[in-house]
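Input: a single structure, listed below in structure tokens.
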2 protein chains.
Amino acid sequence: MRSIMTKRSTKDRILDASEALFARDGSSGASLRAITQRAKVNLAAVHYHFGSKDYLLEAVLARRLLPLNAERIRSLEAYQQKAGRKKVRLENVIEAMVGPALRLSRDETKGGRIFMRLLGRLVLEPDARVQKLLTGQFETVLKKFEPALTAALPHLEPQDFFWRLHFLVGSMAHTMADSERIRLISGGICDPDDTEGTIQCLVTFLCGGLRAK
Amino acid sequence: MRSIMTKRSTKDRILDASEALFARDGSSGASLRAITQRAKVNLAAVHYHFGSKDYLLEAVLARRLLPLNAERIRSLEAYQQKAGRKKVRLENVIEAMVGPALRLSRDETKGGRIFMRLLGRLVLEPDARVQKLLTGQFETVLKKFEPALTAALPHLEPQDFFWRLHFLVGSMAHTMADSERIRLISGGICDPDDTEGTIQCLVTFLCGGLRAK
DNA sequence: GCATAATTCAAACAAACGTTTGAACCAATT
DNA sequence: AATTGGTTCAAACGTTTGTTTGAATTATGC
């Protein structure tokens with residue numbers, strides 16, 4: 001089996017269906033019955049493979065988030081190596097931060113905007129377990145990026161530094177999570193499917209904001 | 001009645017409790033039983049006064065959103081009047097856009113961060129009725145702001161213009177909705193309770209980003 | 001103070017929820 | 001061929017859900 005007609009496993013089918021329905025209906029709005037029906041899987045399979053609905057949500061997150069953050073760090077290290085003993089340009093640091101995330105958010109074979117919409121929703125969900133998982137992930141990334149960022153922005157006071165980092169996260173999250181509204185509001189002028197164009201546009205905006213005044 | 005010991009009406013008590021629980025648990029996670037219990041009101045009162053859970057959510061939104069957008073437009077018009085026949089500075093246009101929203105998000109007597117958290121959650125909820133209400137509100141505001149914005153950013157091509165507007169919304173929404181994480185991540189350096197400081201910091205960042213390149 | 005309307009109340013409704021159970025199935029090992 | 005361990009299945013568990021009902025209560029107009 002699984003040679004050419006690669007039939008996805010029960011676990012994967014549940015993860016895919018959960019990702020889609022958690023994103024569309026929220027973590028409490030999506031029912032296990034709807035999920036298992038979409039996955040063409042028995043209702044009890046969720047508890048057999050994941051233990052509970054909460055653990056299922058955790059698994060959905062971990063599947064995408066761990067590779068994403070690994071890729072961010074890998075990308076930053078590549079820029080650092082290319083820069084040698086010089087410091088990395090701000091544009092490159094920001095690209096390493098938002099590029100992988102935006103590429104993931106546009107890669108439909110890896111959840112794409114579906115997962116990003118879910119992520120956007122969960123950021124504001126005060127469920128303790130989810131919050132711990134998310135902020136833990138973010139702090140891991142921040143730890144790696146902070147030296148390069150402060151080096152590229154030497155004149156920025158700590159207070160402004162963190163605030164602007166906060167604004168950065170907002171722009172990035174909003175762009176990842178909500179990719180169709182921009183098309184609507186711009187009257188079709190902006191194309192969120194042009195991933196690299198979007199990234200470049202976002203990086204320019206963010207660097208302008210970070211360097212301001 | 002209602003002279004000094006101003007006892008809030010059943011309707012208002014329901015709205016307040018709904019706002020809090022919709023924000024904390026999501027629009028499907030918050031149950032009418034939890035809401036009516038918090039409001040110290042009979043379960044059937046929701047259907048008597050609002051018709052259904054969906055209409056209740058609409059009422060919760062309308063109560064804050066209509067005055068907010070009116071205030072934004074009022075503020076922009078005040079800057080326009082002060083500028084006379086000269087064009088309004090970008091900083092002032094942006095302040096008129098994000099200032100009222102951030103002040104509302106910090107005004108606990110008017111829902112404050114509770115309402116903003118709810119708003120942040122609903123932006124990503126694809127429920128048709130909610131989406132129509134939200135984008136309708138935003139377009140009303142955008143119609144009023146677009147001339148002043150393009151005048152203040154004459155060198156920006158339409159595509160960049162709309163993208164950066166999109167990024168602006170993201171930063172603003174994230175700052176309004178999630179006011180405690182910044183304190184945590186900055187290690188206490190940033191104080192989201194300093195509303196005017198936050199606004200100024202955000203305006204600086206956004207103007208830098210909008211003017212970039 | 002009576003009649004009429006507006007509001008509140010406890011109780012019940014069917015439907016949907018997450019979770020559990022125990023038997024059935026299937027692929028491999030002995 | 002029998003046995004084992006992992007997996008799937010239909011059915012049921014007890015709660016909780018949004019909503020409805022009809023009577024009780026309170027406020028309003030005359």
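Just so it is clear: chains get the letters A, B, ... in the order the sequence lines come, proteins before strands, and each one is counted from 1.
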> Rounded to the nearest 0.5 Å, what separation is found between the CG atom of Asp160(B) and the CG atom of Leu165(B)?
Replying inline: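 Interatomic distance, Asp160(B) CG to Leu165(B) CG, rounded to 0.5 Å: 12.0 Å.
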> How long is the gap from CG on Leu57(B) to CG on Leu15(B), to the nearest 0.5 Å?
Replying inline: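 Result: 11.0 Å between the selected atoms.
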Hey, can you pull the donor-acceptor pairs under 3.5 Å for the side chains in residues 35-42 of chain A, sequence neighbours left out?
from     : atom 1 : to       : atom 2 : distance (Å)
Thr36(A) : OG1    : Leu32(A) : O      : 2.8
Thr36(A) : OG1    : Arg33(A) : O      : 3.2
Asn42(A) : OD1    : Ala44(A) : N      : 2.9

>> What does the 5'-to-3' dot-bracket notation of DNA chain C look like when only Watson-Crick and G-U wobble pairs under 3.5 Å count, and pairs to other strands show as |?
In response: ||.|||||||||.||||||||||.||||||
Round to the nearest Å and state the distance from [X] atom [atom1] to [N] atom [atom2].
X	N	atom1	atom2	result
Phe22(B)	dT17(D)	CZ	C1'	13 Å
His47(B)	dT19(D)	NE2	P	4 Å
Phe50(B)	dG18(D)	CZ	C1'	16 Å

Under 4.0 Å between a side-chain nitrogen and a carboxylate oxygen: does that hold for [X] and [Y]?
X	Y	value
Glu95(A)	Arg103(A)	yes
Glu77(B)	Arg74(B)	no
Arg183(B)	Glu180(B)	yes
Arg121(B)	Asp25(B)	no

> Any chance CD of Gln81(A) has more than 12 other-residue heavy atoms, nucleotides or ligands included, within less than 6.0 Å?
Replying inline: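 No - once you tally the heavy atoms of other residues, nucleotides and ligands closer than 6.0 Å, there are 12 at most.
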>> Tell me if the CD atom of Gln200(B) is crowded by more than 12 foreign heavy atoms within 6.0 Å.
In response: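 No, because the 6.0 Å sphere around CD of Gln200(B) holds 12 heavy atoms or fewer from other groups.
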>> At a heavy-atom distance below 4.0 Å, what parts of residues 29-40 of chain A sit against DNA chain D?
In response: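 Output list: Arg33(A).
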>> According to salt bridge (charged side-chain N to carboxylate O under 4.0 Å, His left out), who are the partners of Asp194(A), at least two apart in sequence or on a separate chain?
In response: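 Testing Asp194(A) for salt bridge (charged side-chain N to carboxylate O under 4.0 Å, His left out), a comparison that skips the adjacent residues, returns none.
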>> Quick one, Leu119(A) and Arg64(A) - any side-chain contact, counting heavy atoms below 4.5 Å?
In response: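 Side-chain contact under 4.5 Å: no.
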>> For a 4.5 angstrom cut-off between non-hydrogen side-chain atoms, does Ser171(B) reach His174(A)?
In response: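 SC-SC contact between Ser171(B) and His174(A) ruled out.
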> Considering all heavy atoms of both residues, which atom of Leu156(A) and which atom of Leu210(A) are nearest to each other, and what is their separation?
Replying inline: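 Reported closest heavy-atom pair: CD2-O, 3.8 Å.
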If you restrict it to nitrogen or oxygen atoms, what contacts under 3.5 Å exist between nucleotides 4-8 of chain D and the protein, and what is each distance?
from   : atom 1 : to       : atom 2 : distance (Å)
dT7(D) : OP2    : Tyr48(A) : OH     : 3.1
dT8(D) : OP1    : Thr10(A) : OG1    : 2.3
dT8(D) : OP2    : His49(A) : NE2    : 2.8

> Going 5' to 3' on DNA chain C, which nucleotide is the first and which the last to come under 4.0 Å of a heavy atom in chain B?
Replying inline: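 In short, chain B contacts DNA chain C from dA6(C) to dA12(C).
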